[in-house]
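Working notes, structure below.
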Protein chains: 2
Amino acid sequence: MPNSKIFNQALTEWVHVFMRRSMQAFTRWMNEVGLSRTQIGALMRIYNQGHCPVTSIGNELGITTPAASQLVDRLVQMDLLERSEDLEDRRVKVVTLTEAGKELIQEGFMAKNEWINDLTATFSDDEQLALAASLNTMVEAANQLGEDPELIPELFGHRM
Amino acid sequence: MPNSKIFNQALTEWVHVFMRRSMQAFTRWMNEVGLSRTQIGALMRIYNQGHCPVTSIGNELGITTPAASQLVDRLVQMDLLERSEDLEDRRVKVVTLTEAGKELIQEGFMAKNEWINDLTATFSDDEQLALAASLNTMVEAANQLGEDPELIPELFGHRM
DNA sequence: CTTAATAGTTAACAAGGGTTAACTATATCA
DNA sequence: TGATATAGTTAACCCTTGTTAACTATTAAG
(Lines give C-alpha, C1' and ligand atoms only; values in the text may rest on other atoms or scores of the structure.)
Protein backbone atom coordinates (compact mmCIF):
# COMPACT_ATOMS: atom_id res chain seq x y z
CA MET A 1 0.00 0.00 0.00
CA PRO A 2 1.47 3.38 -0.95
CA ASN A 3 2.09 5.89 1.79
CA SER A 4 -0.46 8.28 0.37
CA LYS A 5 -3.10 5.61 0.78
CA ILE A 6 -2.02 4.93 4.34
CA PHE A 7 -2.14 8.58 5.22
CA ASN A 8 -5.43 9.04 3.47
CA GLN A 9 -7.05 6.23 5.37
CA ALA A 10 -5.66 7.39 8.67
CA LEU A 11 -6.97 10.88 8.11
CA THR A 12 -10.37 9.65 7.00
CA GLU A 13 -10.62 7.52 10.09
CA TRP A 14 -9.58 10.43 12.26
CA VAL A 15 -12.17 12.66 10.68
CA HIS A 16 -14.79 10.05 11.42
CA VAL A 17 -13.82 9.79 15.06
CA PHE A 18 -13.60 13.50 15.33
CA MET A 19 -17.10 13.95 13.97
CA ARG A 20 -18.48 11.70 16.61
CA ARG A 21 -16.83 13.53 19.44
CA SER A 22 -16.66 17.14 18.55
CA MET A 23 -19.81 17.65 16.57
CA GLN A 24 -21.79 15.56 18.97
CA ALA A 25 -20.86 17.83 21.83
CA PHE A 26 -21.54 20.93 19.80
CA THR A 27 -24.91 19.75 18.56
CA ARG A 28 -25.96 18.56 21.95
CA TRP A 29 -25.22 22.01 23.22
CA MET A 30 -27.17 23.51 20.32
CA ASN A 31 -30.18 21.43 21.21
CA GLU A 32 -29.86 22.30 24.86
CA VAL A 33 -29.94 26.03 24.26
CA GLY A 34 -32.92 25.54 21.97
CA LEU A 35 -31.77 27.67 19.06
CA SER A 36 -32.19 26.88 15.39
CA ARG A 37 -29.32 26.48 12.97
CA THR A 38 -30.04 29.86 11.48
CA GLN A 39 -30.11 31.56 14.85
CA ILE A 40 -26.80 30.03 15.85
CA GLY A 41 -25.41 30.99 12.46
CA ALA A 42 -26.38 34.61 12.94
CA LEU A 43 -24.91 34.76 16.42
CA MET A 44 -21.65 33.21 15.26
CA ARG A 45 -21.29 35.61 12.37
CA ILE A 46 -21.80 38.56 14.65
CA TYR A 47 -19.41 37.06 17.16
CA ASN A 48 -16.73 36.82 14.48
CA GLN A 49 -17.32 40.25 13.02
CA GLY A 50 -17.99 42.20 16.19
CA HIS A 51 -20.98 43.90 14.67
CA CYS A 52 -22.80 44.17 11.37
CA PRO A 53 -25.88 45.60 9.69
CA VAL A 54 -29.07 43.59 9.36
CA THR A 55 -28.96 43.25 5.60
CA SER A 56 -25.48 41.76 5.55
CA ILE A 57 -26.60 39.08 7.97
CA GLY A 58 -29.30 38.19 5.52
CA ASN A 59 -26.91 38.11 2.59
CA GLU A 60 -24.43 35.94 4.37
CA LEU A 61 -26.99 33.47 5.59
CA GLY A 62 -28.71 33.38 2.22
CA ILE A 63 -32.05 34.76 3.39
CA THR A 64 -33.95 37.94 2.51
CA THR A 65 -33.61 41.13 4.48
CA PRO A 66 -37.09 40.84 6.01
CA ALA A 67 -36.25 37.35 7.19
CA ALA A 68 -33.03 38.65 8.69
CA SER A 69 -34.91 41.46 10.36
CA GLN A 70 -37.33 39.02 11.97
CA LEU A 71 -34.48 36.74 12.94
CA VAL A 72 -32.71 39.62 14.66
CA ASP A 73 -36.00 40.56 16.29
CA ARG A 74 -36.35 37.21 17.99
CA LEU A 75 -32.76 37.21 19.15
CA VAL A 76 -33.15 40.71 20.55
CA GLN A 77 -36.19 39.55 22.46
CA MET A 78 -34.11 36.71 23.90
CA ASP A 79 -31.58 39.32 25.03
CA LEU A 80 -28.83 37.80 22.90
CA LEU A 81 -28.54 40.72 20.46
CA GLU A 82 -28.70 44.50 20.59
CA ARG A 83 -29.70 46.84 17.79
CA SER A 84 -28.44 50.39 17.57
CA GLU A 85 -28.33 53.11 14.97
CA ASP A 86 -25.20 53.62 12.93
CA LEU A 87 -24.09 57.19 13.59
CA GLU A 88 -22.56 57.62 10.15
CA ASP A 89 -25.54 56.31 8.18
CA ARG A 90 -28.69 56.45 10.17
CA ARG A 91 -30.52 54.08 7.86
CA VAL A 92 -28.26 51.31 9.11
CA LYS A 93 -29.01 49.41 12.28
CA VAL A 94 -25.85 47.94 13.77
CA VAL A 95 -26.35 44.61 15.46
CA THR A 96 -24.07 43.48 18.30
CA LEU A 97 -24.02 40.65 20.80
CA THR A 98 -25.11 41.28 24.36
CA GLU A 99 -22.96 39.90 27.16
CA ALA A 100 -25.35 36.96 27.39
CA GLY A 101 -24.98 36.39 23.66
CA LYS A 102 -21.21 36.38 23.83
CA GLU A 103 -21.20 33.97 26.73
CA LEU A 104 -23.57 31.66 24.91
CA ILE A 105 -21.36 31.39 21.86
CA GLN A 106 -18.22 30.90 23.89
CA GLU A 107 -20.00 28.15 25.74
CA GLY A 108 -20.69 26.51 22.40
CA PHE A 109 -17.05 26.59 21.42
CA MET A 110 -16.08 25.17 24.76
CA ALA A 111 -18.61 22.37 24.42
CA LYS A 112 -17.11 21.49 21.09
CA ASN A 113 -13.62 21.24 22.53
CA GLU A 114 -14.43 19.59 25.81
CA TRP A 115 -13.40 16.08 24.88
CA ILE A 116 -9.98 17.36 23.86
CA ASN A 117 -9.01 17.53 27.50
CA ASP A 118 -10.00 13.93 27.98
CA LEU A 119 -7.91 12.93 25.00
CA THR A 120 -4.91 14.91 26.18
CA ALA A 121 -4.92 13.09 29.48
CA THR A 122 -4.44 9.72 27.81
CA PHE A 123 -0.99 10.57 26.40
CA SER A 124 2.38 10.64 28.04
CA ASP A 125 4.43 13.82 28.07
CA ASP A 126 6.65 12.71 25.20
CA GLU A 127 3.77 11.52 23.10
CA GLN A 128 2.06 14.85 23.49
CA LEU A 129 5.05 16.72 22.17
CA ALA A 130 5.39 14.46 19.14
CA LEU A 131 1.71 14.55 18.33
CA ALA A 132 1.62 18.31 18.66
CA ALA A 133 4.31 18.55 16.01
CA SER A 134 2.30 16.41 13.63
CA LEU A 135 -0.82 18.39 14.25
CA ASN A 136 0.93 21.66 13.62
CA THR A 137 2.31 20.34 10.36
CA MET A 138 -1.15 19.42 9.19
CA VAL A 139 -2.69 22.68 10.31
CA GLU A 140 -0.10 24.60 8.36
CA ALA A 141 -0.66 22.52 5.27
CA ALA A 142 -4.41 22.86 5.53
CA ASN A 143 -4.12 26.59 5.91
CA GLN A 144 -2.23 26.77 2.66
CA LEU A 145 -4.78 24.82 0.71
CA GLY A 146 -6.23 28.07 -0.51
CA GLU A 147 -9.79 29.25 -0.29
CA ASP A 148 -9.88 29.21 3.45
CA PRO A 149 -13.60 29.34 3.87
CA GLU A 150 -15.42 30.71 6.85
CA LEU A 151 -16.95 27.95 8.84
CA ILE A 152 -20.07 29.63 9.92
CA PRO A 153 -22.09 30.67 6.90
CA GLU A 154 -21.86 27.33 5.19
CA LEU A 155 -22.58 25.43 8.32
CA PHE A 156 -25.57 27.41 9.38
CA GLY A 157 -26.92 29.08 6.32
CA HIS A 158 -30.35 28.62 4.92
CA ARG A 159 -30.98 25.50 2.96
CA MET A 160 -32.78 26.09 -0.29
CA MET B 1 4.68 25.86 28.62
CA PRO B 2 3.92 22.26 29.63
CA ASN B 3 3.64 19.67 26.89
CA SER B 4 -0.01 19.05 27.66
CA LYS B 5 -0.72 22.68 26.94
CA ILE B 6 1.20 22.53 23.68
CA PHE B 7 -0.65 19.44 22.59
CA ASN B 8 -3.97 20.85 23.66
CA GLN B 9 -3.48 23.99 21.66
CA ALA B 10 -2.30 22.13 18.61
CA LEU B 11 -5.29 19.83 18.72
CA THR B 12 -7.72 22.68 19.23
CA GLU B 13 -6.26 24.49 16.28
CA TRP B 14 -6.43 21.38 14.15
CA VAL B 15 -10.03 20.80 15.10
CA HIS B 16 -10.80 24.34 14.10
CA VAL B 17 -9.20 23.93 10.68
CA PHE B 18 -10.84 20.61 10.24
CA MET B 19 -14.27 22.04 10.98
CA ARG B 20 -13.89 24.57 8.26
CA ARG B 21 -12.96 22.03 5.66
CA SER B 22 -14.88 18.93 6.44
CA MET B 23 -18.11 20.25 7.77
CA GLN B 24 -18.26 22.93 5.17
CA ALA B 25 -18.17 20.38 2.40
CA PHE B 26 -20.70 18.19 4.11
CA THR B 27 -23.13 21.00 4.79
CA ARG B 28 -22.78 22.42 1.33
CA TRP B 29 -23.72 19.02 0.02
CA MET B 30 -26.64 18.90 2.44
CA ASN B 31 -27.91 22.21 1.12
CA GLU B 32 -27.44 21.09 -2.45
CA VAL B 33 -29.55 18.00 -2.08
CA GLY B 34 -32.23 20.09 -0.37
CA LEU B 35 -32.90 17.83 2.59
CA SER B 36 -33.51 18.92 6.14
CA ARG B 37 -31.35 17.89 9.07
CA THR B 38 -33.98 15.46 10.23
CA GLN B 39 -34.32 13.88 6.82
CA ILE B 40 -30.59 13.38 6.51
CA GLY B 41 -30.55 12.03 10.04
CA ALA B 42 -33.17 9.43 9.21
CA LEU B 43 -31.41 8.36 6.05
CA MET B 44 -28.08 8.01 7.84
CA ARG B 45 -29.55 5.95 10.63
CA ILE B 46 -31.14 3.58 8.17
CA TYR B 47 -27.91 3.47 6.21
CA ASN B 48 -26.04 2.40 9.33
CA GLN B 49 -28.61 -0.11 10.49
CA GLY B 50 -29.62 -1.58 7.16
CA HIS B 51 -33.30 -1.38 8.02
CA CYS B 52 -35.52 -0.46 10.92
CA PRO B 53 -39.14 0.03 11.93
CA VAL B 54 -40.80 3.42 11.80
CA THR B 55 -41.19 3.86 15.54
CA SER B 56 -37.52 3.29 16.28
CA ILE B 57 -36.59 6.01 13.82
CA GLY B 58 -38.81 8.34 15.80
CA ASN B 59 -37.30 7.30 19.10
CA GLU B 60 -33.78 7.72 17.88
CA LEU B 61 -34.38 11.09 16.34
CA GLY B 62 -36.35 12.28 19.32
CA ILE B 63 -39.65 12.82 17.55
CA THR B 64 -43.06 11.20 17.93
CA THR B 65 -44.13 8.17 15.93
CA PRO B 66 -46.59 10.17 13.81
CA ALA B 67 -43.84 12.62 12.94
CA ALA B 68 -41.59 9.72 11.99
CA SER B 69 -44.34 8.22 9.88
CA GLN B 70 -44.79 11.47 7.97
CA LEU B 71 -41.05 11.87 7.64
CA VAL B 72 -40.78 8.41 6.12
CA ASP B 73 -43.72 9.23 3.90
CA ARG B 74 -41.94 12.18 2.31
CA LEU B 75 -38.74 10.24 1.83
CA VAL B 76 -40.64 7.39 0.21
CA GLN B 77 -42.23 9.89 -2.16
CA MET B 78 -38.75 11.11 -3.05
CA ASP B 79 -37.80 7.52 -3.82
CA LEU B 80 -35.11 7.48 -1.16
CA LEU B 81 -36.84 4.98 1.12
CA GLU B 82 -38.94 1.85 0.80
CA ARG B 83 -41.53 0.56 3.22
CA SER B 84 -42.40 -3.12 3.52
CA GLU B 85 -44.21 -5.34 5.95
CA ASP B 86 -42.27 -7.33 8.50
CA LEU B 87 -43.13 -10.96 7.88
CA GLU B 88 -42.73 -11.93 11.51
CA ASP B 89 -44.84 -9.19 12.98
CA ARG B 90 -47.16 -7.73 10.44
CA ARG B 91 -47.83 -4.62 12.50
CA VAL B 92 -44.27 -3.53 11.83
CA LYS B 93 -43.29 -1.70 8.67
CA VAL B 94 -39.63 -2.20 7.85
CA VAL B 95 -37.98 0.78 6.25
CA THR B 96 -34.97 0.40 3.94
CA LEU B 97 -32.99 2.64 1.64
CA THR B 98 -33.57 2.49 -2.10
CA GLU B 99 -30.54 2.39 -4.38
CA ALA B 100 -30.96 6.13 -4.89
CA GLY B 101 -31.02 6.62 -1.14
CA LYS B 102 -27.83 4.65 -0.62
CA GLU B 103 -26.05 6.54 -3.33
CA LEU B 104 -27.13 9.83 -1.87
CA ILE B 105 -25.72 9.08 1.55
CA GLN B 106 -22.47 7.75 0.16
CA GLU B 107 -22.15 10.93 -1.83
CA GLY B 108 -22.50 12.86 1.41
CA PHE B 109 -19.67 10.94 3.03
CA MET B 110 -17.51 11.48 0.01
CA ALA B 111 -18.22 15.20 0.03
CA LYS B 112 -17.10 15.35 3.63
CA ASN B 113 -13.79 13.73 2.84
CA GLU B 114 -13.03 15.40 -0.45
CA TRP B 115 -10.51 17.90 0.85
CA ILE B 116 -8.48 15.08 2.34
CA ASN B 117 -7.06 14.27 -1.07
CA ASP B 118 -5.92 17.85 -1.50
CA LEU B 119 -4.21 17.74 1.85
CA THR B 120 -2.53 14.44 1.13
CA ALA B 121 -0.97 15.82 -2.01
CA THR B 122 0.88 18.51 -0.10
CA PHE B 123 3.02 16.05 1.86
CA SER B 124 6.07 14.10 0.89
CA ASP B 125 6.08 10.34 1.09
CA ASP B 126 7.97 10.24 4.38
CA GLU B 127 5.83 12.90 5.93
CA GLN B 128 2.72 10.97 5.06
CA LEU B 129 3.96 7.88 6.84
CA ALA B 130 4.89 9.78 9.97
CA LEU B 131 1.64 11.72 10.07
CA ALA B 132 -0.40 8.58 9.53
CA ALA B 133 1.24 7.08 12.61
CA SER B 134 0.30 10.09 14.68
CA LEU B 135 -3.24 10.03 13.43
CA ASN B 136 -3.63 6.37 14.19
CA THR B 137 -2.35 6.92 17.70
CA MET B 138 -4.95 9.57 18.28
CA VAL B 139 -7.75 7.56 16.73
CA GLU B 140 -6.95 4.66 18.99
CA ALA B 141 -6.87 6.84 22.04
CA ALA B 142 -10.13 8.49 21.10
CA ASN B 143 -11.77 5.15 20.58
CA GLN B 144 -10.86 4.15 24.09
CA LEU B 145 -12.30 7.24 25.67
CA GLY B 146 -15.45 5.27 26.43
CA GLU B 147 -18.98 6.14 25.50
CA ASP B 148 -18.35 5.99 21.82
CA PRO B 149 -21.47 7.69 20.68
CA GLU B 150 -23.13 7.27 17.35
CA LEU B 151 -22.60 10.28 15.23
CA ILE B 152 -25.90 10.47 13.58
CA PRO B 153 -28.66 10.83 16.13
CA GLU B 154 -26.99 13.65 17.99
CA LEU B 155 -26.01 15.47 14.88
CA PHE B 156 -29.33 15.34 13.19
CA GLY B 157 -31.89 14.80 15.85
CA HIS B 158 -34.76 17.10 16.55
CA ARG B 159 -34.02 20.20 18.52
CA MET B 160 -36.46 20.81 21.34
C1' DC C 1 -62.63 -15.59 22.94
C1' DT C 2 -62.17 -11.34 24.87
C1' DT C 3 -59.23 -7.81 26.40
C1' DA C 4 -55.19 -5.24 26.36
C1' DA C 5 -50.98 -3.77 24.25
C1' DT C 6 -48.22 -2.40 20.20
C1' DA C 7 -47.07 -0.48 15.31
C1' DG C 8 -48.43 2.58 12.33
C1' DT C 9 -51.48 5.98 9.89
C1' DT C 10 -54.48 9.93 9.42
C1' DA C 11 -56.39 14.35 10.75
C1' DA C 12 -56.43 18.81 12.84
C1' DC C 13 -53.57 22.07 14.52
C1' DA C 14 -49.44 25.21 15.86
C1' DA C 15 -44.83 27.25 15.61
C1' DG C 16 -40.75 28.51 13.17
C1' DG C 17 -39.04 30.61 9.62
C1' DG C 18 -38.99 31.52 5.03
C1' DT C 19 -41.29 34.68 0.95
C1' DT C 20 -43.14 39.00 -1.49
C1' DA C 21 -45.27 43.55 -1.25
C1' DA C 22 -45.87 47.90 0.74
C1' DC C 23 -44.09 51.31 3.61
C1' DT C 24 -40.80 54.66 6.33
C1' DA C 25 -36.57 56.99 6.99
C1' DT C 26 -32.29 58.39 5.38
C1' DA C 27 -28.78 59.30 1.88
C1' DT C 28 -27.17 60.48 -2.74
C1' DC C 29 -27.15 62.42 -7.30
C1' DA C 30 -28.24 65.65 -11.06
C1' DT D 1 -34.42 70.94 -4.51
C1' DG D 2 -36.47 66.96 -6.44
C1' DA D 3 -35.87 62.14 -8.03
C1' DT D 4 -33.93 57.96 -6.98
C1' DA D 5 -31.56 54.43 -4.31
C1' DT D 6 -30.72 52.03 0.06
C1' DA D 7 -31.58 50.05 5.04
C1' DG D 8 -34.85 48.29 7.60
C1' DT D 9 -39.59 47.15 9.29
C1' DT D 10 -44.24 45.40 9.06
C1' DA D 11 -47.97 42.65 7.18
C1' DA D 12 -50.02 38.87 4.83
C1' DC D 13 -49.06 34.52 3.41
C1' DC D 14 -47.23 29.66 2.92
C1' DC D 15 -44.53 25.44 3.68
C1' DT D 16 -42.20 22.31 6.64
C1' DT D 17 -42.33 19.75 10.37
C1' DG D 18 -43.41 19.19 14.76
C1' DT D 19 -47.60 18.02 18.21
C1' DT D 20 -51.88 15.47 20.17
C1' DA D 21 -56.01 12.70 19.44
C1' DA D 22 -58.51 9.25 17.22
C1' DC D 23 -58.38 5.27 14.50
C1' DT D 24 -56.93 0.52 12.25
C1' DA D 25 -54.49 -3.76 12.13
C1' DT D 26 -52.03 -7.11 14.40
C1' DT D 27 -50.22 -9.59 18.33
C1' DA D 28 -50.19 -11.24 23.14
C1' DA D 29 -52.26 -12.48 27.55
C1' DG D 30 -55.81 -14.28 30.69
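Throughout, protein chains are lettered first and strands after them, A, B, ... in sequence-line order, and every chain is numbered starting at 1.
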- [ ] Under the ring pair (Phe, Tyr, Trp, His ring centres under 6.0 Å) rule, collect the residues that match up with B:W29, sequence neighbours excluded.
- [x] B:F26
Open item on the list: Is there a side-chain contact between B:Q70 and the phosphate of D:dT19, meaning an N or O under 4.0 Å from OP1 or OP2?
Closed with: no
Listing time: all N or O pairs from protein to nucleotides 6-8 of chain C that are below 3.5 Å?
residue: C:dT6; atom: O4'; partner: B:R91; partner atom: NH1; Å: 3.3
residue: C:dT6; atom: O2; partner: B:R91; partner atom: NH1; Å: 3.1
residue: C:dG8; atom: OP1; partner: B:V54; partner atom: N; Å: 3.1
residue: C:dG8; atom: OP1; partner: B:K93; partner atom: N; Å: 3.0
residue: C:dG8; atom: OP1; partner: B:K93; partner atom: O; Å: 3.2
residue: C:dG8; atom: OP2; partner: B:T55; partner atom: N; Å: 2.7
residue: C:dG8; atom: OP2; partner: B:T55; partner atom: OG1; Å: 2.4

Task: Rounded distance (Å) that lies between atom C1' of D:dT9 and atom CD of A:Q77 - done: 14 Å
- [ ] Round to a whole Å and report the spacing from CD of B:E88 to C1' of D:dA25.
- [x] 18 Å
Open item on the list: Could you tell me how far apart B:L71 (CG) and D:dG18 (P) are, to the nearest whole angstrom?
Closed with: 6 Å
Open item on the list: Per the ring pair (Phe, Tyr, Trp, His ring centres under 6.0 Å) rule, what does the pair list look like for residues 41-92 of chain B, sequence neighbours excluded?
Closed with: B:Y47-B:F109
- [ ] Please report, rounded to the nearest Å, how far the C1' atom of C:dA25 is from the CG atom of A:D86.
- [x] 14 Å
- [ ] Could I get the full list of side-chain hydrogen bond (donor to acceptor under 3.5 Å, both in side chains) partners for B:E103, not counting sequence neighbours?
- [x] none
Open item on the list: Between A:N8 and B:T120, is the side chain to side chain donor-acceptor pair (under 3.5 Å) condition met? List the steps.
Closed with: CA-CA 7 Å; A:N8 223 293; B:T120 302; 3.1 Å; yes
Task: Atom pair distance, as rounded to whole Å: CZ in B:R37 and P in C:dG16 - done: 15 Å
TODO: Send over the distance from B:R74 CZ to D:dT16 P, rounded to a whole Å.
DONE: 8 Å
Open item on the list: Are B:N3 and B:I6 packed together at the side-chain level, in the sense that at least one heavy-atom pair is separated by less than 4.5 angstrom?
Closed with: yes
Open item on the list: With salt bridge (Lys or Arg N to Asp or Glu O under 4.0 Å) as the rule and sequence neighbours excluded, what pairs involving residues 74-83 of chain B come up?
Closed with: B:D73-B:R83
Open item on the list: Less than 4.0 angstrom between a side-chain N/O of A:R90 and OP1 or OP2 of C:dA25, yes or no?
Closed with: no
Task: Non-neighbouring partners of B:P66 that pass side-chain contact (heavy atoms from CB on, under 4.5 Å), sequence neighbours left out - done: B:T64
Task: A:L75 CG to D:dT9 P, straight-line distance once rounded to whole Å - done: 13 Å
Open item on the list: For D:dT16 and B:Q39 - does any side-chain N or O of the residue sit under 4.0 Å from the phosphate oxygens OP1/OP2?
Closed with: no
- [ ] Please state whether the phosphate of D:dT17, meaning OP1 or OP2, lies under 4.0 angstrom from any side-chain nitrogen or oxygen of B:S36.
- [x] yes
Open item on the list: From CD1 of B:I57 over to P of D:dT17, roughly how many Å is that when rounded to an integer?
Closed with: 15 Å
